[in-house]
Amino acid sequence: MSLVVFNRPCGRKVKPVFMEPVDKSLVENILKPLDLGDDDYRKVMDLMHAELVKGLTPATHEAADIKCYPTYVRSVPDGSENGDFLALDLGGTNFRVLLINLNGQEVKMESKIFIIPQHIMLGSGIQLFDHIADCIFKFMTDHKLTDRKLPLGFTFSFPCRQEGLDRAILTTWTKGFKCAGVEGNDIVQLLHEAIVRRGDMKNVKCLAVINDTVGALMSCAHSDRKCAIGLILGTGTNACYIENLDDVKTWDGDTDEPHEVLINSEWGAFGNGGALDFVLTDFDRSIDKHSINPGKQIYEKMISGMFLGEIARLAIERLRKNNLLFEGEGSYHLSTRGRFYTKYVSEIEGDDVDNFTVTKQIFEELELVTHNEQDYRLVRHVCSLVSRRAAYLASAGIACLLNKMQRKEVTIGVDGSLYRFHPFFHDLMMEKTRALTDAQISFKMMLSHDGSGKGAALVAAVANRLLEEKKEAKGQGPSSGH
C-alpha cells in the first residue's frame with residue numbers, strides 16, 4: 001500500500017501529495033488491513049454467490065446467511081400503468097400517506113406526513129392500525145377521495161417474512177416500536193381489519209406490501225425498464241434483484257408469465273457464518289463486539305453509514321496512540337464510541353486539500369488541540385481507505401448479482417444517504433463494479449427518487465394491471481378496481 005494521498009480517490013489523474021515524514025512502516029502496518037486487493041473482492045463475490053444459491057434452495061435456506069426472500073413482485077412497470085394510487089410509508093415515527101397519479105411517464109404526487117405518537121408506538125397493534133386508518137381517512141377526505149376505489153401499496157420498513165404480494169408477517173419490531181399483537185401476524189390483514197372497523201373506507205384495498213429495496217428498483221424501472229437491481233446504501237444496506245423462477249427453488253407461487261420474481265436478498269447478513277472473516281480487521285471486530293447485535297449483519301457493518309464513521313475513528317485512534325497523529329494528544333470526543341460521525345468521512349473527503357477548512361472545523365468540534373497539515377492529510381487518507389473499502393465491497397455484491405443474472409444491459413436503482421452524499425461513492429462503485437463484472441454486461445447506476453412512496457404505488461399499479469389482465473384472459477372482462 002502506497003502512502004501517497006491523492007486529491008481524488010478515482011477518476012481524473014491529479015498531482016499526488018506526499019505526506020511529511022512519519023514512521024511510514026508503522027502507518028502502513030496499521031492501515032494495510034483496510035486496503036484489499038481485487039483477489040479479495042473476487043473471493044467475496046464467489047462466497048456471496050454460494051450464499052445466494054443456498055438462500056434460494058429449500059434444503060439450505062435455513063442455514064443461509066443471505067435469505068433471498070421472494071417478494072412476489074413479478075413485473076416492473078411497462079409504462080401502461082395509469083390512474084390514481086395510494087401509497088403508505090411506515091419506517092419510523094413519521095408515517096406518510098401519498099396520492100400518486102400515473103399517466104405514462106408522468107408521475108404526480110401529493111403527500112402528507114403524520115406523526116406516530118410514542119404511546120401508540122408502545123401500545124397495542126389495534127391502536128397502531130386504527131391510527132393508520134384514521135390518517136388514511138383524513139388524507140382521503142382532504143383530497144376528496146372517499147368515494148373512489150383506490151389500490152394501495154404499503155412500504156413497511158421493518159423485518160418481515162413475505163408470504164405473498166399482499167401478505168407480510170412481521171418477524172420483529174425495530175426502531176423503537178413495540179406494539180403488542182403484531183409480531184407473527186400479517187400486517188396487511190391488520191390494516192384491512194382496521195379499515196373494516198371504521199366502516200367508512202370500503203373502497204381501499206392494499207394490493208402489495210414492499211420494502212425499500214423493491215421501492216428503489218420499481219421507482220427507477222418506471223423511467224428505465226432495464227432496471228433489474230435495487231440497492232440501498234444508507235444507514236444500512238440491502239439489495240433486491242430480478243431472478244429467473246427456475247432458480248428460485250423456494251418459490252411456492254404460480255409459474256405463469258412473467259417467469260421471474262424480485263428477490264429481496266437481505267444481503268446485510270452476509271458473513272454472519274464466518275464467510276468474511278478473511279477480510280475482517282480488528283476495527284470491524286470491535287464494532288461488531290460492541291453493537292446491539294454481535295455476530296449479525298457483518299457485511300452491513302463493513303459498508304453502511306451507521307458504521308463507517310466508527311471504523312474511521314478506531315483507525316484514527318490507533319494511529320494517535322502510536323503518536324502518528326495529533327502529536328499523540330486525543331480528546332474526549334475522539335475516544336468516545338460513535339462520536340466520529342459518518343458525515344465527517346464524507347465532509348473530510350470532499351474538503352479542499354489546499355486549505356482543509358472543513359477538516360479543521362471538524363477537528364475543532366472534536367476538541368482536538370494539536371493538529372497540522374500532516375494530520376489533515378493522514379486523517380483524509382484514513383477516511384478514503386474506509387469509504388473506498390465500503391464502496392468496493394458493495395461493488396463486489398453488485399458485480400456478483402450482475403454476473404448471476406447475465407442480462408446484457410442492467411440499470412441499478414440506488415437509494416440511501418451514503419450513496420447520495422458521499423462525494424466519490426458513485427464513481428468508486430462504477431469503477432470497481434466494471435472491473436469485477438463480466439465484460440459483455442453493460443450497466444449503469446441511477447439515483448432512485450422516493451422509492452418508498454412512488455415505488456409502493458407502482459407495485460400496486462403493476463399488481464392491479466396483472467390482475468386485470470388475468471381477469472380479461474379468463475373472459476371476465478375488466479373490473480372497476482381491484
Side-chain angles (χ1 to χ4, degrees), residues 71-92 94-114 132 135-136 139-140 142-143 145 148 150-158 160 162 165-166 168 188 191 204-234 238-242 262 264 411-417 419-420 444-467 482:
T71 64
Y72 296 83
V73 177
R74 301 286 292 281
S75 180
V76 298
D78 68 0
S80 71
E81 291 79 15
N82 284 297
D84 291 330
F85 298 86
L86 282 176
L88 310 179
D89 176 16
L90 180 65
N94 288 349
F95 168 63
R96 264 195 322 161
V97 183
L98 303 97
L99 171 65
I100 297 175
N101 175 266
L102 302 174
N103 182 14
Q105 284 304 300
E106 205 180 322
V107 181
K108 291 179 189 159
M109 288 198 286
E110 294 179 69
S111 67
K112 183 167 183 185
I113 293 174
F114 298 88
I132 287 172
C135 296
I136 298 169
F139 182 86
M140 290 181 73
D142 290 347
H143 290 83
L145 299 169
R148 302 270 310 277
L150 290 173
L152 180 147
F154 192 176
T155 299
F156 186 78
S157 299
F158 297 91
C160 283
Q162 200 104 12
L165 185 58
D166 60 353
V188 175
L191 174 64
V204 176
K205 183 176 181 187
C206 181
L207 292 187
V209 59
I210 64 167
N211 73 9
D212 49 4
T213 55
V214 175
L217 188 155
M218 295 296 278
S219 180
C220 288
H222 188 244
S223 53
D224 184 342
R225 293 214 65 207
K226 294 191 172 73
C227 190
I229 294 176
L231 172 64
I232 302 295
L233 286 167
N238 191 16
C240 70
Y241 73 103
I242 298 176
L262 264 69
N264 167 24
T411 297
I412 299 142
V414 195
D415 202 355
S417 51
Y419 181 84
R420 275 176 192 271
K444 65 179 183 181
M445 294 183 190
M446 176 182 181
L447 190 60
S448 169
H449 293 288
D450 196 21
S452 55
K454 180 177 153 191
L458 284 163
V459 174
V462 172
N464 200 48
R465 170 169 62 79
L466 295 176
L467 278 174
H482 310 308

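Since the model is a prediction, treat every value here as computed from it, not as a measurement. Throughout, residue positions are numbered sequentially from 1 according to the sequence presented. FYI, side chains are in, hydrogens and waters are out, and symmetry mates aren't considered; it's all heavy atoms of this structure.
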Between [X] (side chain) and [Y] (backbone), is there a donor-acceptor pair under 3.5 Å?
X	Y	value
S223	C220	yes
R420	D415	no
Q162	V209	yes
H222	G104	yes

Exercise: identify the closest heavy-atom pair between [X] and [Y]:
X	Y	result
L145	L86	CD1-CD2, 4.5 Å
R465	S75	NH2-OG, 3.6 Å
I232	A216	CD1-CB, 4.3 Å
A460	G153	CB-N, 3.7 Å
I242	C227	CD1-O, 4.0 Å
V459	A208	CG1-CB, 3.3 Å

Heavy-atom check, side chain of [X] versus side chain of [Y], under 4.5 Å:
X	Y	result
M140	L150	yes
N238	T213	yes
M109	L99	no
F154	L191	yes

Just to verify, what does [X] make a ring pair (Phe, Tyr, Trp, His ring centres under 6.0 Å) with, not counting sequence neighbours?
X	answer
F85	none
Y241	none
F158	F156, W173, F177
Y419	H426

Taking it one step at a time, do V97 and K112 satisfy side-chain contact (heavy atoms from CB on, under 4.5 Å)? CA-CA 6 Å; V97 183; K112 183 167 183 185; 5.6 Å; no

If you round to the nearest 0.5 Å, how far is [atom2] of [Y] from [atom1] of [X]?
X	Y	atom1	atom2	value
N211	L262	CG	CG	9.5 Å
N464	L102	CG	CG	10.5 Å
S448	L217	OG	CG	9.0 Å
C206	I136	SG	CD1	9.0 Å
D84	I100	CG	CD1	10.0 Å
I229	T411	CD1	OG1	9.5 Å

Consider only side-chain N and O atoms of S452 and D212, and report whether a donor and an acceptor are under 3.5 Å apart. no

Let's go through E110 and K108 carefully: what are the C-alpha distance in whole Å and the side-chain angles of both, what is the deciding distance for salt bridge (charged side-chain N to carboxylate O under 4.0 Å, His left out) to 0.1 Å, and is it a yes or a no? CA-CA 7 Å; E110 294 179 69; K108 291 179 189 159; over 6 Å; no

Run the side-chain contact (heavy atoms from CB on, under 4.5 Å) check on L152 and L88 step by step: do they pass? CA-CA 8 Å; L152 180 147; L88 310 179; 3.8 Å; yes

For D224 and K444: C-alpha separation, side-chain torsions, deciding distance, then whether salt bridge (charged side-chain N to carboxylate O under 4.0 Å, His left out) applies. CA-CA 11 Å; D224 184 342; K444 65 179 183 181; 3.4 Å; yes

Start with the C-alpha gap between D450 and R96, add the side-chain angles, then the distance that decides, and say whether salt bridge (charged side-chain N to carboxylate O under 4.0 Å, His left out) holds. CA-CA 12 Å; D450 196 21; R96 264 195 322 161; 2.7 Å; yes

Residues in side chain to side chain donor-acceptor pair (under 3.5 Å) with T155, at least two apart? none

Would you sort out whether M446 and V414 count as a side-chain contact (heavy atoms from CB on, under 4.5 Å), showing the intermediate values? CA-CA 6 Å; M446 176 182 181; V414 195; over 6 Å; no

Kindly indicate, with the supporting measurements, whether the criterion side-chain contact (heavy atoms from CB on, under 4.5 Å) is fulfilled by K454 and V107. CA-CA 8 Å; K454 180 177 153 191; V107 181; 4.2 Å; yes

Using the ring of each side chain (for Trp, its six-membered ring), is F114 parallel, tilted or perpendicular to F95, with breaks at 30° and 60°? tilted

Taking only residues two or more places apart in sequence or in another chain, which ones pass salt bridge (Lys or Arg N to Asp or Glu O under 4.0 Å) with D142? none

